[in-house]
Amino acid sequence: MRFLAVLLFSAFITQQAVAHGNHRSPITQDQALKIAVQVSQGFTGVDPQLGFGTLPESWKDVGVADAAIHQRGRGYLILKVVNPADEQSLYILMSDEGEVFDANLTGKFKGLE
């Protein structure tokens, strides 16, 4: 049930970032960083069922300055959000249009070029 809530939260954030009608254009770097921070904050105290459990409350304090593009590929971005309180990193796999696909603590996602 929590996974569904996180999925819906991620979908809402993604929809807000790419609300351009039926035409989806790539999002800006700033938009991607904001989405990554919102997703990481959304995992605070919630187990998104992605294998890393719940993120500590200190993740609510991460900001855009704590996020960066870790890797770019054809049609996707991997964003890295670092929690300065515990120096832990969360990696978020996102499409160029801002759709969030996955997240983990390693930065490695299966099936990417």
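Heads up: numbering here begins at 1 and tracks the sequence. Worth knowing before you read on, the calculation uses all heavy atoms, side chains too, and leaves out hydrogens, waters and symmetry mates.
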Checklist entry - Going from CD on Q41 to CG on D61, what distance comes out if it is rounded to the nearest 0.5 angstrom? => result 8.0 Å
Next on the checklist: F43 vs L50, test: side chain to side chain contact (heavy atoms under 4.5 Å, CB included). Steps then yes/no.
Outcome noted: CA-CA 10 Å; F43 290 160; L50 296 173; 4.1 Å; yes
Checklist outcome for this item: Taken to the nearest 0.5 Å, the spacing of R72 CZ from L79 CG works out to 8.5 Å
Next on the checklist: With side chain to side chain contact (heavy atoms under 4.5 Å, CB included) as the criterion, how do D102 and Y91 come out once you've worked through the C-alpha distance, each side chain's angles and the decisive distance to 0.1 Å?
Outcome noted: CA-CA 8 Å; D102 199 0; Y91 297 87; over 6 Å; no
Checklist entry - So, T54 and D47: side-chain donor and acceptor under 3.5 Å apart, yes or no? => result no
Checklist entry - Can you tell me how far CG of D66 sits from CG of L33, rounded to the nearest 0.5 angstrom? => result 10.5 Å
Checklist outcome for this item: From the list N104, I92, L112, side chain to side chain contact (heavy atoms under 4.5 Å, CB included) partner of I78 resolves to L112
Checklist outcome for this item: Heavy-atom closest pair (V82 atom, S89 atom, distance to 0.1 Å) is CG2-OG, 3.5 Å
Checklist entry - Say you draw a straight line from CD1 of I27 to CG of L77; how long is it, rounded to the nearest 0.5 Å? => result 6.5 Å
Checklist outcome for this item: Closest non-hydrogen atoms of A85 and S58, given as atom of the first, atom of the second and distance, are CB-CB, 3.8 Å
Checklist entry - Is the CD atom of E87 crowded by more than 12 outside heavy atoms at less than 6.0 Å? => result no
Item to check | Interatomic distance, L55 atom CG to Q88 atom CD [nearest 0.5 angstrom] | outcome: 6.5 Å
Item to check | Least distance between heavy atoms, P56 atom then D86 atom | outcome: CG-OD2, 4.0 Å
Checklist entry - Between F109 and F101, is a side chain to side chain contact (heavy atoms under 4.5 Å, CB included) present by the stated rule, with each step listed? => result CA-CA 10 Å; F109 296 94; F101 295 121; over 6 Å; no
Checklist entry - Side chains of W59 and S40: closer than 4.5 Å at any heavy-atom pair? => result yes
Item to check | Under 3.5 Å donor-acceptor, Q31 side chain and G98 backbone | outcome: no
Checklist entry - CD/Q71 to OH/Y76 distance, rounded to the nearest 0.5 angstrom? => result 4.5 Å
